[in-house]
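For reference, the structure is listed below as structure tokens.
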There are 2 protein chains.
Amino acid sequence: MARRATNPASTDLDPRKATILEAVVSEHIDTAQPVGSSSVASSADVAVSPATVRSEMVSLEREGYLAQPHTSAGRIPTDKGYRYFVDHLRSGVLGAVQQQQVSDFFANVRGEVEDVLEQTSTLLSHMTSYTAVVVGATNTHASILSAQLVNIDAHHQLLVSVFSDGSVIKHSLNPHFDVDYETCAEASRQLNALLIGTTLETQVQVPSRHDHVAMLVRDAVSSLHAEQPTTDGDMVFIGGSSHVADSFDGVETVRKVLAILEQELLVVSLVQDMLAKGLSVAIGSENGFEPLSACAVIVAPVTIDGERAGAVGLLGPTRMKYQEAMAAASAVSQHLAHHFGGDEEHADH
Amino acid sequence: MARRATNPASTDLDPRKATILEAVVSEHIDTAQPVGSSSVASSADVAVSPATVRSEMVSLEREGYLAQPHTSAGRIPTDKGYRYFVDHLRSGVLGAVQQQQVSDFFANVRGEVEDVLEQTSTLLSHMTSYTAVVVGATNTHASILSAQLVNIDAHHQLLVSVFSDGSVIKHSLNPHFDVDYETCAEASRQLNALLIGTTLETQVQVPSRHDHVAMLVRDAVSSLHAEQPTTDGDMVFIGGSSHVADSFDGVETVRKVLAILEQELLVVSLVQDMLAKGLSVAIGSENGFEPLSACAVIVAPVTIDGERAGAVGLLGPTRMKYQEAMAAASAVSQHLAHHFGGDEEHADH
DNA sequence: TGCTGGCACTCGGTAGAATTGAGTGCTAAC
DNA sequence: GTTAGCACTCAATTCTACCGAGTGCCAGCA
């Protein structure tokens, strides 16, 4: 029975198999039902009889592209089947309405970066009916434009650092000694002199003296530099998590996915991993998180001046509408890049 | 049949009815099933026969405390039934384990206010298995300790304002004219002089000149004061939204609740409404949002020095474990108040 | 008068049997 | 190599019967 077995590792299928596989995948995406041979045969692109389709499906199943929930049922795609489908998708174009929607949105957004990203996640989620993720990468080599130490009261100071990418980070200090206004102001001056122009990666020469000013300065610098390892400087905005509820059927699956989404660090690392591997779509188990094995994740990097400035992502069921979703994600990521990168040459508008 | 109808608006039920109602409610909370007369009769507090219980239940149903899913089924509480139950709950004490959990948590948390509140929402949610909400109120009469204008580039400036409550707000400015370092520094000096000591509610005298510095100053002040009306200065942190998935059975309900939780403004206003009305529990339709009619919401204010500094809340099904949940919310809110208010006298520890 | 035991009745849930039909695999013929 | 035909499989549906939890009502009892 295994005669003429094609190379199982071959990345391409014979054209007819490919057509059949694609028909099965797209119909399953539409209907969420197992797909039978006859409906495939009646599809426009397939010009053979159900019987032929059946024998091809047997072979596709043997090769791992399709699965059968039970004997006498149609086929559903496996993750590998979806993978083939996605790899051979001609990249779609966004519908005119949605294109307009994105343009309108970016023409009208105002406010701080965080607000824009937050709203972007909502936009993307509304456009696609999937859960959207927007990650704003912290630029680890943005330089410090200003570092100011503000005296809240004798035991509370706040270090406010402004970076060249417009981000602001604050750190509380709770020294064990009383700090008066003058001490704080002097520390602030020294911090400014010390830190301006440096990045979080720069080693700076902190004063080794034992007076209060020096202690404040050391405290401030160390808590600022402690920012580095946690990686959680990255901003994450998740929009449309309610769509999780209608993307999956099992309550348990919904719970697990929501639980993952709650852990923003996980989400960021998932997105970063995918970008690092150059993946734009992770299907089922490809994403590496067992609780997300029923999900597909799409990411599109946001690139400004050749620098990775963040990413947008979409999370849906493995039977998601890849073409539309990918088009939406890529359109939004481009608009986002243009929004934050493009207006350096232009005036605001 | 309506002879001896007790006053339907009476807030108190005759003791036996009350006992029966409470038995029904607590059993239903435990089992999620309709409760029959015999299991009520076998409950410790009820010393009458099932037949008597039945006749009382008929009357409780007529008065709107109980409902029957269908003939030949037991009774389930209505919102009114839960209300009575909650109003007559002797306030419970938190279990020792949980008490320890809260203490440990607050003994160990570090980091900025936002981080603490965020983690608190996770704590509360883990303790109760319900979705937790933590609201940090912005103190509208906190005064400004520092206002600094930082020059990102010629067309982008960032106004960073630090308030006496330790909060930091930033605003981008995008002037139509080129701004050099000196202009920005001068504007920053003037802003400092103008704003320090004021609150967001204070009217300030902005310069009316037409030079760039004055324009920057005016821009900065107006965008700072624009903060006021939006009300979204309030910080909201929602923890354990995944618990929504197992608190309700209908997918549609889950979706609706999640959709509400996504709109943080709604959540804040719900909590504020409840606090304003002095409610600590809103059951079903009491909360005023139709999509939340299957939910009960518990809130506990966080009060520091007599000032309302925020609130914590819990959202669960109407059949939630009120006693435990209320105890948890109130314990956490008190620890929170102590954490942020208490350490002004003490040094950090 | 109020409580209770007894009883007929209701009706959702479950279990089992029968039926349906979508879909399959195989084979023989084209 | 493709296809029509056919026997077969099996989830889903329908129907029936039945069970039993729970009710409402009533007559008798304290």
Side-chain angles (χ1 to χ4, degrees), chain A residues 1-6 13-21 23-25 27-28 30-43 45-63 65-78 81 249-250, chain B residues 1-6 13-21 23-25 27-28 30-43 45-63 65-78 81 249-250:
Chain A
M1 63 293 255
R3 63 193 162 130
R4 222 182 86 69
T6 48
L13 289 168
D14 103 61
R16 195 171 65 186
K17 278 207 184 73
T19 315
I20 291 175
L21 176 56
V24 171
V25 175
E27 182 159 342
H28 181 69
D30 281 353
T31 63
Q33 297 292 325
V35 181
S37 57
S38 56
S39 66
V40 171
S42 66
S43 141
D45 301 332
V46 180
V48 292
S49 77
T52 311
V53 172
R54 277 204 289 282
S55 78
E56 294 288 45
M57 294 211 302
V58 170
S59 135
L60 282 168
E61 184 172 355
R62 208 174 17 233
E63 294 169 40
Y65 293 99
L66 295 178
Q68 220 175 357
H70 54 86
T71 336
S72 91
R75 303 304 207 288
I76 56 173
T78 59
D249 4 68
Chain B
M1 64 291 258
R3 65 196 160 124
R4 223 185 83 72
T6 49
L13 290 167
D14 100 62
R16 196 171 63 186
K17 278 207 183 72
T19 315
I20 291 175
L21 176 56
V24 172
V25 175
E27 182 160 342
H28 181 70
D30 280 353
T31 64
Q33 298 291 327
V35 181
S37 57
S38 56
S39 66
V40 171
S42 66
S43 139
D45 301 332
V46 181
V48 291
S49 76
T52 311
V53 172
R54 280 203 288 280
S55 78
E56 294 288 46
M57 296 213 298
V58 171
S59 138
L60 282 167
E61 182 171 359
R62 212 176 15 235
E63 293 168 41
Y65 294 98
L66 295 178
Q68 220 175 357
H70 54 86
T71 338
S72 94
R75 305 303 209 287
I76 57 175
T78 60
D249 3 68

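Chain naming here is simple, since letters A, B, ... match the order of the sequence lines and numbering starts at 1 in each.
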Check your understanding: Testing B:Leu60, B:Val58, B:Ile20 for side-chain contact (heavy atoms from CB on, under 4.5 Å) with B:Leu66, which one passes?
Key -> B:Leu60

Point to revise | Whole-Å gap separating P (C:dC11) and NE2 (B:His70) | key: 10 Å

Review point. Under 4.0 Å: is that the gap between some side-chain N or O of B:Thr52 and OP1 or OP2 of C:dC3?
Key: no

Exercise for review: Just grab all the salt bridge (charged side-chain N to carboxylate O under 4.0 Å, His left out) pairs involving residues 49-58 of chain A, residues at least two apart or on different chains.
Suggested key: A:Arg16-A:Glu56, A:Lys17-A:Glu56

Review point. In whole angstrom, what separates A:Glu56's CD from C:dG25's C1'?
Key: 15 Å

Practice item. Verify whether one side chain among B:Ser55 and B:Thr52 offers a donor that lies under 3.5 Å from an acceptor in the other. Key: no

Practice item. Send over the distance from A:Leu66 CG to C:dG25 P, rounded to a whole Å. Key: 11 Å

Check your understanding: Any side-chain heavy-atom pair from B:Val40 and B:Arg75 closer than 4.5 angstrom?
Key -> no

Practice item. May I have the distance from A:Ile76 (atom CD1) to D:dA11 (atom C1'), rounded to whole angstrom? Key: 14 Å

Check your understanding: Do you know the tightest heavy-atom contact between A:Pro34 and A:Ile76?
Key -> CA-CG2, 3.7 Å

Study note, to complete from the structure: Between CD1 of A:Ile20 and P of C:dT24 the distance, given in whole Å, is 11 Å

Check your understanding: Could you run down nucleotides 17-30 of chain D 5' to 3' and tag each one B, S or - for protein heavy-atom contact under 4.0 Å?
Key -> ----BSBBB-----

Exercise for review: Please confirm whether the backbone N or O of B:Thr71 pairs with a side-chain atom of B:Gln68, one donor and one acceptor, at under 3.5 Å?
Suggested key: no

